[in-house]
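Note that the numbering runs from 1 along the sequence shown for the chain.
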Amino acid sequence: AVQLVESGGGSMQAGGSLRLSCAASGFGSSTLCMGWFRQVPGREREGVATIDTDGGIVHYGDSVKDRFTISKGDKMHVVNLEMKDLKPDDTAMYYCAVDLGAYCRSGYWPTTVYGYWGQGTQVNVTS
């Protein structure tokens, strides 16, 4: 069965760092795009970062460039998101997602191509 398990998150003061991890299972040995998205109530889900699990091609949302880093974990279909210099605007529910078509390899990564989603993990950044 397909499963996405997120870990990390929590509360942090502005300027601090947090690390999120996502382990996806049930996808065999397929090359995927795995991404992190975030959402606050009343707003659309926003792309944070994505990576392909084969070549490591990465893309970032404009609001997190130079502060967040997405990387592949040691095991297949595990990705990490290192978040530095956190700002109150980073407060959101963060979701891990999988795109079976690996569209991110061509720079295309809207939420609509991600067919599998985790339950989300909350990140709160206080000023």
Could you report the tightest heavy-atom contact between Thr91 and Asn124, atom names first, then the distance?
CG2-OD1, 3.5 Å
CD of Gln122: more than 12 outside heavy atoms within 6.0 angstrom?
yes
Gap between atom SG of Cys96 and atom NE2 of His77 - 0.5 Å precision:
11.5 Å
Going hydrophobic residue to hydrophobic residue with side-chain gaps under 4.5 angstrom, can you get from Val79 over to Met83?
yes
Rounded to the nearest 0.5 Å, how far does OG of Ser127 lie from CD of Gln13?
9.0 Å
Side-chain heavy-atom pair Ile51, Tyr60 within 4.5 angstrom cut-off:
no
Any Leu20 side-chain heavy atom under 4.5 Å of Val123 side chain
yes
Are Val58 and Trp109 in one and the same hydrophobic cluster, where Ile, Leu, Val, Met, Phe, Trp and Tyr link if side-chain heavy atoms are under 4.5 Å apart?
no
For the student: nearest non-hydrogen atoms of Ala24 and Val98, plus distance
CB-CG2, 4.1 Å
So Lys87 and Asp85, do their side chains get closer than 4.5 Å, heavy atoms only?
yes
Between Thr50 (side chain only) and Met34 (backbone N and O only), is there a donor and an acceptor less than 3.5 Å apart?
yes
Which heavy atom in Tyr114 sits nearest to a heavy atom in Cys104, and how many Å separate them?
OH-CB, 4.1 Å
Quick one: does any side-chain atom of Thr53 pair with a main-chain N or O of Leu32 as donor and acceptor, under 3.5 Å?
yes
CZ of Arg38 to CZ of Phe68, rounded to nearest 0.5 Å, is 5.5 Å
Which heavy atom of Tyr103 sits nearest a heavy atom of Cys33, and at what distance?
N-SG, 4.0 Å
Are Trp117 and Tyr108 connected, step by step, through hydrophobic side chains (Ile, Leu, Val, Met, Phe, Trp, Tyr) whose heavy atoms are closer than 4.5 Å?
yes
Measuring from atom CG of Leu81 to atom OG1 of Thr121, what distance do you get when rounded to the nearest 0.5 angstrom?
11.0 Å
Heavy-atom closest pair, residues Thr31 and Arg105
CG2-NH1, 3.7 Å
Which of Tyr94, Trp36, Tyr95 passes side chain to side chain contact (heavy atoms under 4.5 Å, CB included) with Cys22? It is Trp36
Using the side-chain hydrogen bond (donor to acceptor under 3.5 Å, both in side chains) rule, take Ser63 and Glu46 through it: C-alpha gap first, then chi angles, then the decisive distance, then the call.
CA-CA 10 Å; Ser63 62; Glu46 173 190 16; 2.9 Å; yes
Side-chain (Asp52) to main-chain (Ile57) donor-acceptor, under 3.5 angstrom:
yes
Using 0.5 Å steps for rounding, measure from the OG1 atom of Thr111 to the CD atom of Glu44.
8.0 Å
Is the side chain of Gln39 donor-acceptor paired with the backbone N or O of Met93 at a distance under 3.5 Å, no angle test?
no
Point-to-point distance, once rounded to the nearest 0.5 Å, from NZ of Lys72 to CG of Asp54
6.5 Å
Taking the six-membered ring for Trp, are Phe27 and Tyr116 closer than 6.0 Å centroid to centroid?
yes
